[in-house]
Amino acid sequence: MSGPKAMGETSEIVRQRIEKLEKLKQEGKKIYQCDFSPQERLVEIREKYGGLESGAATGFMARVAGRVMAFREHGKAIFAEITDGSDTLQLYVNFKKVGAEQFAEFQDIDVGDWLGVEGEVFKTRRGELSIDVQMFILLSKALRPLPEKYHGLRDKETRYRQRYVDLIVNPEVREVFLVRNRVIRAIREFLEARGFLEVETPMLHAIPGGATARPFRTHHNALDIDLYLRIAPELYLKRLIVGGFDKIYELNRNFRNEGMSTRHNPEFTMLELYQAFANYQDLMDLTQELLGYVVEQVKGERRIVYRGQEIDFSGDWERISMIEAIQKYAHIQIHLDLNGEVLRKIASEHKVVPEEGASKGETINQIFEQTVASQLIAPTFILDYPKDISPLARTHAQDERLTERFELFIGGEEIANAFSELIDPIEQRRRFEEQLEARGEAEDRLIDEDFLRALEYGMPPTGGEGIGIDRLIMVLTDSPSIRDVIMFPHLRPEGN
RNA sequence: GGGCCGGUAGCUCAGGUGGUAGAGCACCGGACUUUUAAUCCGGGUGUCGAAGGUUCGAGUCCUUCCCGGCUCACCA
């Protein structure tokens, strides 16, 4: 009755497996040891011998390891499937070949166990590439059963909480994260080839800046001060431009203490890049080339399908101002000369309810987001954002109510945000102050004086851009939720 | 935080109007020496998310709470 429990679980299956484990220990078997080195990955065997004729043997002795995924017992012969992450392969265990003792031991192997195996590669009469097992060794015992082989693991909560199980039984999940790896690798390749230098800046900020989101607060014990997890690296990266680096990027995590949804995770991955002497027009060119390259590397062509719609990344993408986009896509005739009250009325006529005390720019932006954004399936640059919602962007050369800023939309999702940086330290200070005033005292926000001091040393004209990597990967993997492209998405802790 | 939906065996799911908890797969025992979701015979392994309440009796009805999904709001 008594005995060790696996994490307090008492299910029949777990009890049986613990008993098997105890039995093996009593027999003096080594378990959970590390004295077996596979010589081939399973995919290598398939590449070499996949073309073998049915019923043929190779004379090649393979030495492989993998997790048992299925059994088909057949009297004095047992078929099993193992997987090692590269491929799956069938094992054939024959009573005569391995002998009575090993055969009996194999009958105690469970789905989920890790095995080391030696045997000849051959193909069965039915054409299944297999290993004719001569020797096997139990490398690790699974105490918990895997989900059912046919329906697999569907429950989203379990899939996100126990991603390790999701990865074992749902191969398409593994594929999503392989794509994620290739996307990030391709971005680095592209930027490094163009002379961008990857840098790392603080995650712990005394003053959170570079975006308007609410931060996570933490505490430094030795200094006895509160610090914030960064909401953006922007202000530090600009300091580095002041310091003389002309092309830099950072590809890492940001943290924002906001609501969660299918497109928001509290920690998410962002690419931020800065290029001296570039403006936002240059960045649009760069973005087209960068994402075109990434899509090509990952998909082999520049077209993808997202939510049933084809998206083409080749050629030049539409560049249209926010005002014109509202006119074109929502058929709402607005312009910048309208006063706030008229704008508000127009907004409510289109079921857009601006926040209490929303500025003109915020109202226009809300009209855009609620009537236009979701229509922008093909990659589209939306340009020239109102100044009051763009505190870090340079004033537009042709219209000082606007900024030289764009956002990139793909598949109806906002993917990138970029601007010609505001480098005038006096105007930057004024914009910060105006923003503080407009936001009121509810926000415990301070002006980053050291950032302004850096600008006062002189920052060259610079273009800067942020690209939301998780959302980009959602588009490239046709994933409906950001949780599907983050290994361990944030969930409430499990209760008891 | 609001609205809607959901949580039953290891997994995937059934369980009209309240009346002794079910199926398939997995698992356990038996048969079977080239199977492919192997097959055949036998076996149900459960804190019905949690706690209260109504009732002779609750998986089912009521209340509160926990967890998740979708969605709206905040944000990217």
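Naming: A, B, ... by sequence-line order, numbering from 1 per chain.
- In this structure a side-chain-to-backbone donor-acceptor pair under 3.5 Å is present from Asp113(A) to Ala142(A).
- Distance CZ (Arg159(A)) to C1' (rG7(B)): 17 Å, rounded to an integer number of Å.
- rA14(B) atom C1' lies 16 Å from atom CZ of Arg154(A), rounded to whole Å.
- With distances taken from any side-chain atom of Arg471(A) to the nucleotides rU33(B), rC11(B), rA76(B), the minimum falls on rA76(B).
- When Ile377(A), Val295(A), Leu476(A) are each tested for a side chain to side chain contact (heavy atoms under 4.5 Å, CB included) with Ile311(A), only one passes: Ile377(A).
- Rounded to a whole angstrom, the distance from the P atom of rA9(B) to that of rG2(B) is 29 Å.
- A distance cut-off of 5.5 Å between ring centres, combined with a plane angle under 30°, places Phe268(A) in a stacking arrangement with the base of rA76(B).
- Counting non-hydrogen atoms under 4.0 angstrom, Glu414(A) reaches the backbone sugars and phosphates but no base.
- Considering only side-chain atoms of Ile13(A), the nucleotide from rG10(B), rG69(B), rU33(B) that sits closest is rG10(B).
- rG69(B) atom P lies 10 Å from atom CZ of Arg492(A), rounded to whole Å.
- Going from the P atom of rC32(B) to that of rG22(B) covers 33 Å, rounded to whole Å.
- Of all nucleotides listed (rU35(B), rA76(B), rG69(B)), rU35(B) comes nearest to the side chain of Arg126(A).
- Going from atom NE2 of His74(A) over to atom P of rC40(B) covers 13 Å, rounded to whole Å.
- A salt bridge is defined here as a Lys NZ or Arg NE, NH1 or NH2 lying under 4.0 Å from an Asp or Glu carboxylate O, and Lys48(A) with Glu44(A) fails to meet this definition.
- Between Phe71(A) atom CZ and rA38(B) atom P the separation is 12 Å, expressed in whole Å.
- The side chain of Leu153(A) lies closest to rC11(B) when the candidates are rC11(B), rG69(B), rA76(B).
- The side chain of Thr212(A) places an N or O atom within less than 4.0 Å of a non-bridging phosphate oxygen (OP1 or OP2) of rA76(B).
- Among the heavy atoms of the strands lying under 4.0 Å from Phe122(A) is at least one base atom, whether or not backbone atoms are also near.
- For Ser11(A) against rU45(B), a side-chain-to-base donor-acceptor contact under 3.5 Å is absent.
- For Arg483(A), counting side-chain heavy atoms from C-beta on, the closest listed nucleotide (rC32(B), rA37(B), rG69(B)) is rG69(B).
- Looking at heavy-atom distances under 4.0 Å, Asp132(A) makes no contact with the nucleic acid at all.
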Given the rule in the salt bridge (Lys or Arg N to Asp or Glu O under 4.0 Å) test, do Arg307(A) and Glu413(A) qualify, once you have shown the distances and angles that lead to the verdict? CA-CA 12 Å; Arg307(A) 296 182 181 169; Glu413(A) 301 284 351; 3.7 Å; yes
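- The nucleotide rG19(B) finds its pairing partner in rC56(B), both defining distances of the Watson-Crick or G-U wobble pair being shorter than 3.5 Å.
- Summary of the strand contacts: Gly152(A) and Phe79(A) both lie near RNA chain B, and taking for each the nucleotide with the nearest heavy atom, the more 5' one is attributed to Gly152(A).
- Nucleic acid contact class of Gly468(A) (heavy atoms, under 4.0 Å, all strands): none.
- Using cut-offs of 30° and 60° for the angle between ring planes, the His205(A) and Tyr236(A) rings count as tilted.
- For rC74(B), the OP1/OP2 oxygens have no side-chain nitrogen or oxygen of Arg214(A) closer than 4.0 Å.
- Here the separation of rA31(B) from rG57(B), taken at their P atoms, is 50 Å to the nearest Å.
- Taking atom CZ of residue Phe106(A) and atom P of nucleotide rU33(B), one finds them 17 Å apart after rounding to whole Å.
- Residue Leu491(A) has its side chain nearest to rG68(B) when only rU36(B), rG68(B), rA76(B) are considered.
- A gap of 28 Å separates the P atoms of rG6(B) and rC74(B), to the nearest Å.
- Salt-bridge formation is detected for the pair Asp448(A)/Arg239(A): a Lys NZ or Arg NE/NH1/NH2 atom is positioned less than 4.0 Å from an Asp or Glu carboxylate oxygen.
- Distance, Arg263(A) CZ to rG69(B) P: 14 Å, rounded to whole Å.
- Contact annotation: side chain of Arg72(A) to base of rU35(B), donor-acceptor pair present below 3.5 Å.
- Out of rU45(B), rU35(B), rA37(B), the shortest distance to the side chain of Glu12(A) is found at rU45(B).
- Below the 3.5 angstrom threshold, one finds a donor paired with an acceptor across the side chain of Gln90(A) and the base of rU35(B).
- The P atoms of rG10(B) and rG46(B) are separated by 7 Å, rounded to the nearest whole Å.
- Of the candidate nucleotides rG69(B), rC74(B), rA76(B), rC74(B) has the atom lying nearest to any side-chain atom of Glu258(A).
- Applying the Watson-Crick and G-U wobble criteria (two distances, each under 3.5 Å), rG6(B) pairs with rC67(B).
- Nearer the 5' end of RNA chain B, as judged by each residue's closest nucleotide, is the contact made by Asp155(A), out of Asp155(A) and Gln16(A).
- rU39(B) is paired with rA31(B) under the Watson-Crick or G-U wobble criterion, all donor-acceptor distances under 3.5 Å.
- Salt bridge annotation for Glu434(A)-Lys387(A): absent, with no cationic side-chain nitrogen under 4.0 angstrom from a carboxylate oxygen.
- Base pairing of rG1(B): its partner is rC72(B), meeting the Watson-Crick or G-U wobble criterion (both donor-acceptor distances under 3.5 Å).
- As rounded to the nearest Å, rC70(B) and rU60(B) have P atoms that lie 27 Å from one another.
- Taking atom P in both rG59(B) and rG52(B), one finds a spacing of 14 Å when rounded to whole Å.
- As the counterpart of rU45(B), rA26(B) is assigned, both hydrogen-bonding distances of the Watson-Crick or G-U wobble pattern falling under 3.5 Å.
- Atom CD of Gln107(A) is separated from atom P of rC32(B) by 11 Å (rounded to the nearest Å).
- Regarding contacts with the backbone of rA26(B), a side-chain N or O of Lys149(A) is found under 4.0 angstrom from either OP1 or OP2.
- For Tyr280(A) and Tyr385(A), the gap between ring centers reaches or exceeds 6.0 Å.
- A close approach under 4.0 Å does occur between a side-chain nitrogen or oxygen of Thr262(A) and OP1 or OP2 of rU71(B).
- Look at Lys20(A) and you'll find a side-chain N or O under 4.0 angstrom from OP1 or OP2 of rC28(B).
- In the set rC70(B), rU35(B), rU12(B), rC70(B) carries the atom at the smallest distance from any side-chain atom of Lys156(A).
- Relative ring orientation between Phe406(A) and Phe381(A) is described as perpendicular, the plane-to-plane angle rising above 60° on a 0-90° scale split at 30° and 60°.
- Among rG10(B), rG68(B), rU34(B), the nucleotide with an atom closest to any side-chain atom of Glu157(A) is rG68(B).
- The C1' atoms of rA26(B) and rU63(B) are separated by 38 Å, rounded to the nearest whole Å.
- A donor-acceptor contact under 3.5 Å is formed by the side chain of Glu148(A) with the base of rG24(B).
- Figure legend: cation-pi geometry between Arg180(A) and Phe177(A) absent, as NZ or CZ is not positioned both under 6.0 Å from the six-membered ring centre and within 45° of its axis.
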